[in-house]
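Just so it is clear: chains get the letters A, B, ... in the order the sequence lines come, proteins before strands, and each one is counted from 1.
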Amino acid sequence: MKQRINVVLREEPQEQRVIVAGWVRTRRDTGTFSFLEVNDGSCLANLQVIADSSLANYEEEIKRLNTGCSVIVTGVAKKSPAKGQNVEVHADTIEVVGWADPENYPLQKKRHSFEFLREISHLRPRTNALGAVARVRSRLAWAINSFFQERGFFQVHTPIITTSDCEGAGEMFQVTTAREAGAAKGTHEEFFGRKAGLTVSGQLQAEVYALALGNVYTFGPTFRAENSNTSRHLAEFWMIEPEMAFCDLACNMELATDMLKYVLSDVVENCSEDMALFDSFIEKGLLAKLRSVIEKDFAHLTYTEAVDKLIASKKKFEFPVKWGIDLQSEHERYLCEELFGCPLIVTDYPATIKPFYMRVNDDGKTVAAMDILVPGIGEIVGGSQREERYEVLERRMLEAGIELEEYRWYLDLRKYGSVPHAGYGLGFERLVQFVTGMANIREVIPFPRTPGFAPC
RNA sequence: UCCUCGGUAGCUCAGUAGGUAGAGCAGGUGGCUGUUAACCACCUUGUCGGCGGUUCGAGUCCGUCCCGGGGAGCCA
């Protein structure tokens with residue numbers, strides 16, 4: 001039975017027989033045998049395999065092995081006499097499954113720039129850092145599902161193709177069967193009988209299920225056709241959107257805080273080897289940062305208080321601060337990184353700069369919005385209590401220039417058994433970025449899609 | 001999309017006042033060694049991002065387009 005290398009490395013070596021299958025990272029020859037470093041993706045560490053020159057295929061094959069070749073090794077696990085590893089496997093047989101021509105194989109046994117690796121997205125998960133990102137990303141997804149499931153939330157699969165436009169979340173990719181550009185208008189009938197696009201948010205549909213099942217969450221792909229070229233934006237990304245009935249802004253903040261602390265703890269505990277790599281090679285002090293986020297309370301300011309703090313700081317900002325403007329990156333960075341040095345929740349933004357569905361506060365000027373800002377990333381969570389009062393919502397939609405007929409279903413939720421409810425969106429890749437310390441969001445999703453880039 | 005810096009060997013980069021290119025690593029060959037970014041010796045490698053222009057002559061100067069880094073906007 002084939003075993004995973006993480007298991008072989010974990011068990012005490014007692015001359016037990018093992019079979020492992022993986023890819024050769026490097027080969028070192030000595031007088032009478034060779035060392036192979038084999039990695040099967042189950043963990044960061046490689047398994048050191050001792051290939052003795054007595055092996056039948058030693059001269060013809062073993063000595064030709066190089067980075068990238070795939071092998072199946074059978075042998076005996078032994079205590080390693082040298083430093084660097086506790087376990088090593090002395091091979092009885094090494095079957096070469098696939099060669100990787102060293103003249104052409106792009107990965108070398110040395111550091112590569114992330115920019116270069118991005119050009120070979122089909123090979124980059126075979127590197128230490130990108131493999132670690134993939135494992136941590138998977139664990140984070142698991143932790144998020146666990147968090148919500150443990151609390152009795154139901155996962156709802158909201159549509160990827162949607163006809164709900166102008167959710168205030170940005171440009172939509174259009175979905176059409178028309179073959180030629182422009183043909184969609186008039187000459188061809190729309191497949192859905194109306195304009196459709198890829199979802200920019202599952203929130204509105206999640207609200208439908210929250211007002212039936214109580215607490216729900218979505219976890220799926222999201223698309224923005226914005227021409228954004230930054231280290232924090234993708235055209236296709238994954239978003240988690242919980243939505244809770246009978247829940248106000250305070251309840252929303254509490255859930256978001258608990259969720260972040262829960263998933264961070266889980267990953268720090270269960271991905272320690274990969275996290276150690278990020279801590280020492282990607283972002284120094286990463287683990288200390290994460291532990292402090294897990295332990296410390298998040299700071300909380302209202303937008304109005306935040307504006308006061310920014311003005312009181314007497315700092316020169318490129319964009320002068322004044323009540324009513326949206327907070328710029330430099331403002332968020334000052335508050336989050338300099339003033340507090342921890343995650344910061346900003347609530348109660350001016351109604352004029354937030355979307356129609358956010359609940360209007362009693363002052364009539366602000367809405368029950370909340371953004372969670374995190375050092376180094378900026379906004380990681382954006383949410384609000386939703387407007388549950390029919391008349392108020394209708395007025396806000398009209399003010400926003402929204403076609404009411406298109407949103408009858410959404411207004412109906414306020415017409416029949418309406419309840420206070422709230423929710424938020426968490427950018428999954430931004431979370432992975434925060435957890436791994438990876439500087440560019442294109443490295444934390446397997447196949448990044450950005451303007452002008454979607455190779456496979 | 002805007003500002004800014006960059007694109008030279010498979011990778012990371014150097015290239016002086018315009019005179020048709022170099023290092024380290026990788027790769028190849030040989031040697032050595034319970035090695036672990038192994039080590040030592042020798043050898044190979046380039047449409048200098050694309051197109052156009054100035055010039056006797058362009059990696060180097062000018063224009064334009066593409067791509068990447070950093071910052072900004074939009075946001076998650």
> With both distances under 3.5 Å as the test, what is the Watson-Crick or G-U wobble partner of G63(B)?
Replying inline: C51(B)
>> One thing to verify: whether E37(A) and K109(A) come together as a salt bridge, which I'm taking to mean a side-chain N less than 4.0 angstrom from a carboxylate O.
In response: no
> Is any side-chain nitrogen or oxygen of S329(A) closer than 4.0 Å to OP1 or OP2 of G71(B)?
Replying inline: no
> Do any side-chain nitrogens or oxygens of R442(A) fall under 4.0 Å of OP1 or OP2 in G69(B)?
Replying inline: yes
>> For a quick test of reading the model: is some side-chain N or O of R118(A) closer than 4.0 Å to OP1 or OP2 of G69(B)?
In response: yes
> Taking only side-chain nitrogens and oxygens of N104(A), does any of them come within less than 4.0 Å of OP1 or OP2 of G10(B)?
Replying inline: no
> Expressed as a whole number of Å, how far does the C1' atom of C62(B) sit from that of G68(B)?
Replying inline: 23 Å
> With both distances kept under 3.5 Å, what pairs with G24(B), Watson-Crick or G-U wobble?
Replying inline: C11(B)
> When the C1' atoms of U44(B) and G24(B) are considered, how many whole Å apart are they?
Replying inline: 16 Å
>> Does the structure show a Watson-Crick or G-U wobble partner for U29(B), both distances under 3.5 Å? Name it, or say none.
In response: A41(B)
> Which part of the nucleic acid, if any, lies within reach of E318(A) when heavy atoms closer than 4.0 Å are counted: base, sugar-phosphate only, or nothing?
Replying inline: nothing
> So what does F33(A) hit on the nucleic acid, given a heavy-atom distance under 4.0 Å: a base, only sugar-phosphate, or nothing?
Replying inline: base
>> What is the distance, to the nearest angstrom, from the CG atom on L431(A) to the C1' atom on A76(B)?
In response: 11 Å
>> Counting the atoms with a prime plus P, OP1 and OP2 as sugar-phosphate, which does S80(A) contact under 4.0 Å by heavy atoms, base, sugar-phosphate, or nothing?
In response: base
> For F237(A) and A76(B), is the gap between ring centres under 5.5 Å while the planes differ by less than 30°?
Replying inline: yes
> When we call it a touch if two heavy atoms are under 4.0 Å apart, what does F116(A) touch: a base, just sugar-phosphate, or nothing?
Replying inline: sugar-phosphate
>> Regarding Q328(A) and Y334(A), do their side chains bring together a donor and an acceptor under 3.5 Å, going by distance alone?
In response: no
> Are OP1 or OP2 of A38(B) and a side-chain N or O of K109(A) less than 4.0 angstrom apart?
Replying inline: yes
> Does S228(A) put a side-chain nitrogen or oxygen below 4.0 Å from OP1 or OP2 of C75(B)?
Replying inline: no
> Are R386(A) and S384(A) close enough that a side-chain donor and a side-chain acceptor fall under 3.5 Å?
Replying inline: yes
>> We want to know whether Y58(A) and S34(A) form a side-chain donor-acceptor pair, criterion being a heavy-atom distance below 3.5 angstrom.
In response: yes
> Heavy-atom count around Y209(A) OH within 6.0 Å, excluding the residue itself: above 12?
Replying inline: no
>> Using a 4.0 Å heavy-atom cut-off, does Q433(A) contact any base of the nucleic acid, only the sugar-phosphate backbone, or nothing at all?
In response: nothing
> Are OP1 or OP2 of A76(B) and a side-chain N or O of R430(A) less than 4.0 angstrom apart?
Replying inline: no
> With a 4.0 Å cut-off on heavy atoms, is N440(A) in touch with a base, just the backbone sugar-phosphate, or nothing at all?
Replying inline: sugar-phosphate
> Quantified in whole Å, what is the C1' atom distance between nucleotide U54(B) and nucleotide G18(B)?
Replying inline: 12 Å
>> Does T222(A) reach a base, just sugar-phosphate, or nothing at all? Heavy atoms under 4.0 Å.
In response: nothing
>> I'd like the C1' distance from U45(B) over to G27(B), given in whole Å.
In response: 9 Å
>> Checking base pairs now: Watson-Crick or wobble, both atom distances under 3.5 Å. What partners U1(B)?
In response: A72(B)
>> For the residue pair Y349(A) / D326(A), report whether a side-chain donor-acceptor contact shorter than 3.5 Å exists.
In response: no
> Under a 3.5 Å cut-off for both distances, is A17(B) Watson-Crick or wobble paired, and to whom?
Replying inline: none
> Given the P atoms of G22(B) and G59(B), what is the spacing between them in whole Å?
Replying inline: 14 Å
> When all nucleic acid strands are considered with a 4.0 Å heavy-atom cut-off, which category describes E330(A): base, sugar-phosphate, or nothing?
Replying inline: nothing
> If we call it a pair only when both distances are under 3.5 Å in a Watson-Crick or G-U wobble match, what pairs with U35(B)?
Replying inline: none
> Expressed in whole Å, how much space separates the C1' atoms belonging to G15(B) and G46(B)?
Replying inline: 14 Å
> Does Q108(A) make a side-chain donor-acceptor contact with the base of G10(B), cut-off 3.5 Å?
Replying inline: yes
>> Suppose you measure atom C1' in G28(B) against the same atom in A9(B); what distance do you get, rounded to whole Å?
In response: 15 Å
>> Output the rounded distance in Å from CZ (F114(A)) to P (G68(B)).
In response: 17 Å
> If you look at every strand shown and take non-hydrogen atoms under 4.0 Å, does R25(A) touch a base, only sugar-phosphate, or nothing?
Replying inline: nothing
>> Side chain of F319(A) only, heavy atoms from C-beta on: which candidate in G73(B), A38(B), G69(B) is closest?
In response: G73(B)
>> What I want to check is whether the side chains of Y410(A) and E207(A) have a donor and an acceptor closer together than 3.5 Å.
In response: yes
> Think R232(A) has a side-chain N or O under 4.0 angstrom from the OP1 or OP2 of G73(B)?
Replying inline: no
> Rounded to whole angstroms, how far apart are CZ on R27(A) and C1' on G27(B)?
Replying inline: 12 Å
>> Tell me if the aromatic rings of F317(A) and H331(A) count as close, with their centers under 6.0 Å from one another.
In response: yes
> Rounding to the closest angstrom, what is the interatomic distance between U47(B) and C39(B) at atom C1'?
Replying inline: 38 Å
> Just how far, in rounded Å, is P of G27(B) from CH2 of W99(A)?
Replying inline: 15 Å
